[in-house]
Structure formats: structure tokens, C-alpha cells
Enquirer: 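Dropping the structure in here first, questions after.
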Amino acid sequence: MNELPEKLLKPYNPKETEGRIYKIWEESGFFNPDVCVKKGITKADGEKFVIVLPPPNATGVLHLGHTLEDSMQDTLIRYARMQGKLTLWLPGTDHAAIATDAKVTKILEKEGLKKKDIGREKFLERVDEFVENSREIIVSQLRKMGASLDWSREAFTLDSARSLAVRTAFKKMYDDGLIYRGIKVINWDPKGQTTVSDDEVVHKLEKGKLYTFRYSKDFPIPIATTRPETKIGDTAVAVNPKDERYKKFINKTYKNIEFAGTVLDIKIIDDESIDMEFGTGAVGITPAHSMTDFELGNKHKLLSITVINEFAKMTDNAGYLVAGKKTTEAREIIVNWLKENNLLEATKEIDINLSTAERTGGIIEPLPKLQWFVDVNKKIPDRGNKSLKELMLEPVRKEEIKIIPNHFEKVYFNWIENLRDWCISRQIWYGHRIPVWYHEPICIPKGGKEEQVSKCVEMIVSIEKPVCEYCDAKYMQDEDTLDTWFSSGLWTFSTLGWPDLNASDLKRFHPTSIINPGYEILFFWVARMILMSQYLLGDIPFKTIYLHGILRDAKGQKFSKSLGNGVDPIEVINEYGADALRMAMIVGIGPGADSKFDIQKVKAYKLFANKIWNITRYVLSVERAGELKKELVNEFNSLIKDVTSDMENFRFYLAAEKLYAYVWRRFADEIIEESKGNTGYGTTLHYILENSLKLLHPFMPFITEEIWSTLLKNENLLMVEKWPNV
RNA sequence: GCGCGCUUAGCUCAGUUGGUUAGAGCGUCUGUUUUACACACAGAAGGCCGGGGGUUCGAACCCCUCAGCGCGCACCA
């Protein structure tokens with residue numbers, strides 16, 4: 001019998017171990033691929049494996065859902081590193097513009113402060129402070145998980161390097177005609193006081209009423225609407241050209257119709273898009289307050305009258321009955337007016353689509369506004385005359401990018417096919433300021449000489465602040481900021497040194513190997529990364545998209561603050577150990593599948609950690625003697641093969657389960673039991689233990705490293721040992 | 001409306017290209033303090049793999065169909 005270290009006589013204590021081990025790893029420098037090359041662990045020109053961490057929002061700290069993807073990614077990264085690949089896992093955080101802006105606004109409100117009162121500069125100082133605090137917590141949480149991230153490359157979506165990338169990308173897109181400024185009906189969030197993109201609008205079905213009415217007694221066609229208050233802005237009625245009922249009215253204009261405290265001019269137009277079956281088969285067209293009507297309005301050259309403002313109140317254009325009223329009040333007033341004038345012909349209960357802003361919950365008001373857009377249909381000469389839509393579709397179609405699970409490809413295609421131009425300007429303060437500059441309204445002639453002033457350029461898109469060549473007036477930057485996903489879209493290469501095309505990281509590490517976000521940000525983020533990378537680099541951003549599902553609580557509800565069902569990952573780690581939490585996040589959770597969090601599962605893997613501990617204790621008590629038992633080695637080798645193949649195919653959820661089954665059910669329960677009383681097993685037991693530790697390391701890095709380095713007193717760290725390929 | 005997914009043990013879920021007696025965790029029951037581990041061990045009960053039809057030597061897995069549940073997208077006013 002060998003002497004056993006004292007700590008082996010007690011159950012495994014993750015709390016005492018994990019912090020110490022992480023420190024050893026960090027001090028080794030092996031999280032950084034350059035150090036691995038320098039120390040001869042990996043070859044500089046070897047195969048590479050790169051993941052950029054989906055940057056957590058700086059709105060708060062990590063929740064349990066994050067530990068799901070952190071576990072998956074660290075497992076893949078550690079496996080790759082042990083395979084001897086040039087391995088980089090790059091950390092960072094996301095400024096999450098709207099979310100963070102809203103969060104800090106709320107905090108200020110609690111202090112009795114208003115955003116407007118303290119001003120843009122002071123407000124941004126407060127946000128920076130808040131974000132820095134969140135970032136520090138997030139980083140410490142990632143360390144607790146055992147994440148082998150290369151901290152020397154940490155990035156932030158709003159730091160100076162990323163800002164340069166954003167401005168460069170914007171300018172190039174503008175110069176190529178892919179970014180344009182225009183007046184369109186956009187999704188206005190009255191609560192957040194900003195536009196949001198189509199993707200940031202959440203559609204819900206709600207009980208509502210469909211009102212059928214005529215503008216006046218003399219008006220020949222009844223129309224149906226769910227929003228009577230917008231009808232004050234109507235300038236046309238559209239019918240289907242095939243509709244026999246209304247054919248004779250097409251192209252007639254009815255003037256000076258007295259309607260609910262205002263006067264309307266309504267033209268009857270025909271359009272194929274009108275459904276003859278719905279309502280009365282005739283649609284009142286409100287170009288200013290509906291995206292479809294806006295497009296119809298453009299097509300038929302209709303007048304657009306804005307009757308609702310940014311605060312979801314009726315404008316002065318809306319007539320004496322409702323001007324200044326809230327839209328909800330205006331609706332009631334108008335319905336009453338219709339009733340009083342015997343114009344309301346029917347009221348029907350139907351499900352109506354209620355659109356709200358994803359972040360603030362505000363009810364979306366479609367409004368015409370001057371905004372910045374990304375044109376997704378324009379052909380790009382530099383990119384084979386393909387549009388951004390096509391550039392997004394192509395690599396997935398050609399399987400240069402593989403989506404796991406596969407069925408999300410259809411979801412992806414479906415989204416792109418329905419995609420419209422992307423509204424990228426936001427009226428919030430926190431975010432990347434739009435790199436567009438406007439000349440002061442009045443020119444200040446240089447030296448009092450006026451002759452050049454006519455040449456002053458009104459608007460300049462520029463990476464740096466421009467100076468007027470012809471006069472002394474200044475350029476003022478656009479007040480708006482960019483959609484947060486604009487900068488996130490650059491993440492796979494803005495973190496590697498782009499726009500410097502000679503940056504060594506960019507050359508060595510792009511495209512990345514795999515991206516591992518939740519499926520809920522497939523459109524928001526993954527699609528935008530493909531868009532940006534395809535357009536700006538002419539390259540894919542990653543080869544594989546491994547989508548994970550949503551982690552829910554035991555009842556199947558989403559974790560959320562309002563439900564108060566949050567679980568602090570740090571508490572879980574403190575009680576059960578990071579290894580146990582990691583295993584619970586890996587085993588049995590297939591790609592793209594939602595899963596329910598059960599603390600029992602974590603507990604089970606804590607017991608497994610202890611099992612490994614006791615196996616070690618037993619094996620260490622046995623002398624390394626006798627021949628290697630060929631059968632057992634063969635059996636173990638087939639496990640290696642199996643697990644390796646699972647890892648190569650991103651089936652880590654199966655690999656982990658197999659290791660668990662082997663180590664506990666086979667090695668401990670059978671092989672070790674069999675060995676008792678038999679001599680000559682020593683060498684074999686040591687062989688299986690050591691190699692099991694290697695296989696387990698990507699999944700349970702702390703305990704395996706502790707046993708390997710501290711107890712088995714190996715010279716090299718387990719994290720850079722060679723994976724036992726057979 | 002268009003699209004996607006799920007339905008496997010009491011509960012939560014795996015099941016890789018179709019291939020022996022369908023697996024895991026938790027729970028339940030019976031026994032065991034056997035010097036690696038009671039944070040353990042030995043053993044047991046529990047499944048017409050949602051229903052029906054088809055392809056196949058062979059189906060939880062492929063095809064069709066029905067039912068229930070969930071999700072995404074959407075310019076039915």
C-alpha cells in the first residue's frame with residue numbers, strides 16, 4: 001500500500017480546489033495560443049480551432065443560461081487544445097445599446113434623476129460606470145466556471161478598436177450604396193422613444209374589434225379597420241381590381257368629406273394585394289401609419305398625413321375632436337362619433353396583432369421618419385453582383401456553413417426570404433454614434449471671403465470628424481446611435497484586428513471554427529455576422545453554427561427577474577462545484593433543445609466528482625505492477641475512439657454520458673472490484689485512471705487537473721496534455 | 001396564413017448513418033456499514049417509444065396520416 005495524501009481521505013472539496021487550479025492555469029499562460037506556441041505545446045502553423053464568446057450583455061451579470069453555453073464552449077476548446085490545435089477562445093462583452101440605456105435610465109429614475117436633465121455626456125458617464133461594474137462581475141463568473149478564455153484578447157463591442165471597425169464598416173457600406181437615409185414608416189417605440197428594427201418587434205395576438213363603417217353617408221364603399229383613430233389620416237381606399245362590387249368607383253376622388261372633426265379627400269385606388277374576402281374587401285389607406293399603406297401610398301402617389309406623434313398622441317392635423325388625445329382615447333371618441341352619425345355598420349370581435357418593443361414593452365406605433373437603413377436587396381458589384389440577402393443565403397446553401405441542428409437552416413432561409421431593409425438608427429444615447437456629419441446651417445466664410453461657400457458639403461460620412469474645406473463652419477455629428485447588432489455583426493473579425501487587413505490575429509484566426517449562441521438570436525446576431533463577414537471580408541465568419549436551446553426553470557418557465565425564479569450560478573458552483581454544474585449543462589442536452597434546470601442533476605454530478613476522487617484514492621493505493629491487460633486496454637481504446645468521434649462531431653452531450661457510464665459503471669463497479677484480491681492489475685488500473693482523466697478533462701477540468709497535477713504529481717498540466725488518440 | 005419542432009419509464013430527458021434483451025439522472029422498493037467511496041454497494045419494479053397505416057429481413061429512428069402541445073415568421077386592413 002502507498003501512502004495517501006491526507007486530503008484524499010476526505011470527500012472531494014471543489015470549493016477548496018477550483019480557485020487554486022484556475023490560478024495555476026492562468027499563470028501558465030496556456031489560455032493564450034501564442035504562449036502555447038512559444039512553449040512548444042502547439043505548432044504555429046498547425047490546425048486551428050477558434051471560438052469567439054457570444055459577448056454577454058453588459059446589462060447585468062451572468063445567469064444560469066450563460067453557463068450552458070460557457071460549458072459547451074470550454075469543453076470544445078479544451079478538447080481542441082489537448083488535440084494540439086492552435087486554440088483560441090476570445091472573450092468579450094456587449095454594450096447592448098437599448099437594453100443598457102433602458103436599464104441605466106431606470107436606475108437614474110430611482111435616484112429621482114431624469115436623463116434629459118443630466119444630459120448626454122453625464123448620462124454616458126453613468127452608463128460606462130455601470131457597464132464596467134457588470135463587466136468585472138461577468139469576468140469573475142466566467143473564471144469561476146473554469147472558462148479557458150484568452151483574457152489578453154478581451155474585447156468590448158463599444159471600445160475604441162470596435163468603434164473604428166464600426167465606423168469603417170458604415171462608411172464602406174454607405175459608399176457602396178448599401179446604407180441609405182430615407183423617410184419610411186418605421187417601428188416607433190413610444191416608451192423607449194426610439195425606432196426599433198423589425199426583429200426587435202414582438203407580435204402578440206390579442207382580442208380586439210374590427211369596425212365596419214363609412215366615412216360619410218354619401219361615401220359609396222364601407223371599410224373595415226381595427227384602428228379607427230388612424231382613419232383620420234386616410235387618403236385613399238384600396239380595392240381589388242377584380243372586385244365587381246367596387247370596379248365602377250376606381251380612380252374617383254371624393255373631396256371634402258367631413259369625418260370626425262376633420263375633412264378628408266379620399267381617392268379610390270385598385271391594387272392586386274387587396275383581399276376581397278376580408279372585411280368589406282376595401283381598405284382605408286393610411287400612408288403615414290402603416291408600413292403596407294406607406295408602400296401602397298408610394299406606389300399610387302398618395303398624400304401622407306401624420307396624425308399620430310412620437311408620444312402616441314394625436315397631432316394637430318387630427319382635427320378638433322381628437323387633437324392632443326392619446327390614441328386609445330381617440331379611438332373611443334371616433335367610434336362614438338361614428339355611432340352618433342349612424343356610420344358604424346358592424347363591430348366584430350377578432351384577434352388582432354399587437355406589436356410591442358422587445359426591450360421596453362412599449363406598444364409599437366408605425367410612424368414615417370427619416371432614418372438610416374441597410375439595403376438588403378441592392379446588388380453589390382464587388383461581391384459578384386449579389387445582394388446582402390444572397391450573401392447571407394449562399395454559404396449556408398452551399399454548406400460552407402453548417403447549422404446544428406440542421407432544421408434551423410429552413411428557419412434561417414425563411415427569415416431571409418421575408419427580410420426587408422434593416423433600420424439601423426436609434427434615438428438613444430448609448431451606442432456607436434452614427435459616423436455622419438452635418439455642416440452647420442450657416443457658413444462662416446474663411447477670412448470673410450464668400451466666393452467658396454457654395455461648395456460646402458452639407459453631409460459627410462466619415463470615419464473621423466471632417467473639417468470644411470471652404471468655410472470655417474463646423475461639422476456636427478448625427479445625434480443617433482446604431483442598432484447594437486450592427487457592431488455585434490462584426491464580432492468575429494472586429495475582435496481580431498479588422499479593419500487592419502494585415503493584423504496577425506485576423507490572418508491566423510479568421511474564419512472562426514464554431515459559434516455557439518442560443519437559437520433565439522439566430523436572426524439578430526448570427527445572420528448579421530454572416531452578412532457583415534461576407535460583405536466586408538468576402539469570407540464566412542465561422543464554419544459551424546451550434547445552436548443551443550433555452551434553459552428554463554423546473555416548471556418550464558423562462559428565467560426572468562419579474563418571475564423571481566433566477567438561480568445564481570455562483571451559488572450553485574459554491575455548493576456543488578463548477579465541474580458538477582458543467583456536466584449538468586452538457587449531458588443529455590441535445591443541440592437546439594430547450595431544457596429544464598434541475599438542481600438534482602447538478603447534485604448527481606457532484607457525486608460523480610467524488611466518485612472520481614475515490615477511484616483515485618483506490619488506484620493510488622495499488623502498486624503499478626503487472627502487465628497491461630490487453631482486453632481492458634482494448635475496451636478502453638474503443639471508448640477513446642467513440643468519445644473522440646463524438647467530440648469531432650460536436651456530440652459532446654453523448655461523449656460526456658459515455659464517460660460517466662464507463663468511469664462509474666464499468667471502471668469502478670466492475671474492473672476495480674474484479675481487481676481486488678487479484679494481483680497484477682496495478683499497471684492497468686493506473687493506465688485507465690490516467691487516460692480517463694484526460695478524456696474527462698474537457699468536461700470536468702478542475703477535479704481532473706487537481707488529481708493529475710497535485711496528486712499524481714505530473715510535471716505538465718493536464719490542460720495541455722495530449723488527447724489519447726488511438 | 002406560411003414555416004419549424006416536440007410527444008420514449010412516475011418526473012426531467014438522451015438515443016449518432018434503421019441492426020441483438022430501448023438508456024441516464026432523480027424518484028420508488030428490497031437488502032448491505034464488504035477497508036476506495038453510505039456523496040457508497042448489490043439487486044428489483046416500472047416503457048404496445050402519442051394513435052393509425054406503409055416501406056424493410058428488421059423501425060423509437062424512413063414515408064403517409066390523425067391527434068395533442070410548443071415555437072418562429074407574417075403588410076389580413
Side-chain angles (χ1 to χ4, degrees), chain A residues 1 4 8-12 185 198-199 201-203 210-212 223-227 230-231 234 237-238 273-286 290-296 350-353 355 366 405 407-420 519-520 522-523 549-550 552 554-556 576 580 583-584 587-590 592-622 642 645-646 649-651 653-658 660-661 664-665 668-669 672-673 675-676 685:
Chain A
M1 282 266 181
L4 289 173
L8 256 184
L9 300 174
K10 289 181 245 159
Y12 173 60
V185 169
D198 294 345
D199 299 288
V201 177
V202 181
H203 302 277
L210 181 70
Y211 302 94
T212 305
I223 58 163
T225 185
T226 55
R227 296 197 62 192
T230 64
K231 296 295 100 183
D234 280 12
V237 163
S273 67
I274 305 303
D275 180 354
M276 291 190 275
E277 306 297 317
F278 189 86
T280 62
V283 190
I285 301 299
T286 326
S290 152
M291 286 190 193
T292 14
D293 291 5
F294 180 79
E295 277 159 28
L296 270 180
I350 60 162
D351 285 338
I352 56 167
N353 192 9
S355 304
H407 68 258
F408 273 101
E409 283 182 5
K410 285 181 193 162
V411 179
Y412 179 77
F413 293 145
N414 187 262
W415 177 78
I416 292 177
E417 278 152 21
N418 291 314
L419 191 63
R420 291 183 294 178
Y519 62 74
E520 74 273 17
L522 177 61
F523 309 140
I550 298 168
R552 300 169 184 280
K555 290 178 195 159
Y576 301 99
M583 278 298 270
V587 177
I589 297 180
D594 288 354
S595 49
K596 290 178 190 172
F597 178 77
D598 187 350
I599 195 72
Q600 290 302 329
K601 196 172 171 188
V602 183
K603 203 173 165 185
Y605 290 108
K606 186 197 170 180
L607 300 184
F608 181 51
N610 195 51
K611 191 70 184 178
I612 298 168
W613 196 247
N614 281 300
I615 289 170
T616 305
R617 176 169 158 189
Y618 179 78
V619 172
L620 284 186
S621 74
V622 178
D642 211 5
S645 144
D646 282 340
N649 293 292
F650 307 117
R651 294 188 299 253
Y653 51 102
L654 294 183
E657 196 174 350
K658 282 170 189 165
Y660 173 88
W664 199 324
R665 300 303 158 208
D669 291 351
I672 288 181
E673 289 306 314
S675 78
K676 288 178 183 171
L685 294 183

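Order of the sequence lines fixes the chain letters, A, B, ..., with proteins taken first and strands second; residue numbering starts at 1 for each chain.
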Enquirer: How far does the C1' atom of B:rC2 sit from the matching atom of B:rC62, given to the nearest Å?
Expert: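 Nearest-Å result for B:rC2 against B:rC62 at atom C1': 26 Å.
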Enquirer: What nucleic acid atoms does A:Ala609 come within less than 4.0 Å of, heavy atoms only: base, sugar-phosphate, or nothing?
Expert: nothing
Enquirer: Measure from the side-chain N and O atoms of A:Lys601 to the backbone N and O of A:Ala584, and report whether any donor-acceptor pair falls under 3.5 Å.
Expert: yes
Enquirer: In whole Å, what is the span from the OH atom of A:Tyr519 to the P atom of B:rG3?
Expert: 20 Å
Enquirer: Are A:His203 and B:rA74 close enough that a side-chain N or O sits under 4.0 Å from OP1 or OP2?
Expert: yes
Enquirer: Within less than 4.0 Å of OP1 or OP2 of B:rA40, is there a side-chain N or O belonging to A:Trp664?
Expert: no
Enquirer: Within 45 degrees of the axis of the six-membered ring of A:Tyr660 and under 6.0 Å from its centre: does A:Lys611 put its NZ or CZ there?
Expert: no
Enquirer: I want to check one thing: is the phosphate of B:rU16, taken as OP1 and OP2, less than 4.0 Å away from some side-chain N or O of A:Arg651?
Expert: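 False: A:Arg651 side-chain N/O out of range (4.0 Å or more) of B:rU16 OP1/OP2.
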Enquirer: When you compare the protein's N or O atoms with those of nucleotides 19-26 of chain B, which come within less than 3.5 Å of each other, and at what distance?
Expert:
from	atom 1	to	atom 2	distance (Å)
B:rG25	OP1	A:Arg665	NH2	3.2

Enquirer: Within the pair A:Tyr653 and B:rU16, is there a side-chain N or O less than 4.0 Å away from OP1 or OP2?
Expert: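 Looking at the OP1 and OP2 atoms of B:rU16, neither is under 4.0 Å from any side-chain N or O of A:Tyr653.
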Enquirer: Say you pick atom C1' in B:rC6 and the same atom in B:rC49; how far apart are they, in whole Å?
Expert: 13 Å
Enquirer: Expressed in whole Å, how much space separates the P atoms belonging to B:rG70 and B:rU12?
Expert: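 It works out to 15 Å between them.
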Enquirer: When the C1' atoms of B:rA42 and B:rA14 are compared, how many Å lie between them, rounded to an integer?
Expert: 26 Å
Enquirer: Expressed as a whole number of Å, how far does the P atom of B:rU55 sit from that of B:rC61?
Expert: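 Pairwise P distance, B:rU55 against B:rC61, rounds to 15 Å.
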Enquirer: State whether A:Arg617 places a side-chain N or O below 4.0 Å from either non-bridging phosphate oxygen (OP1 or OP2) of B:rU35.
Expert: no
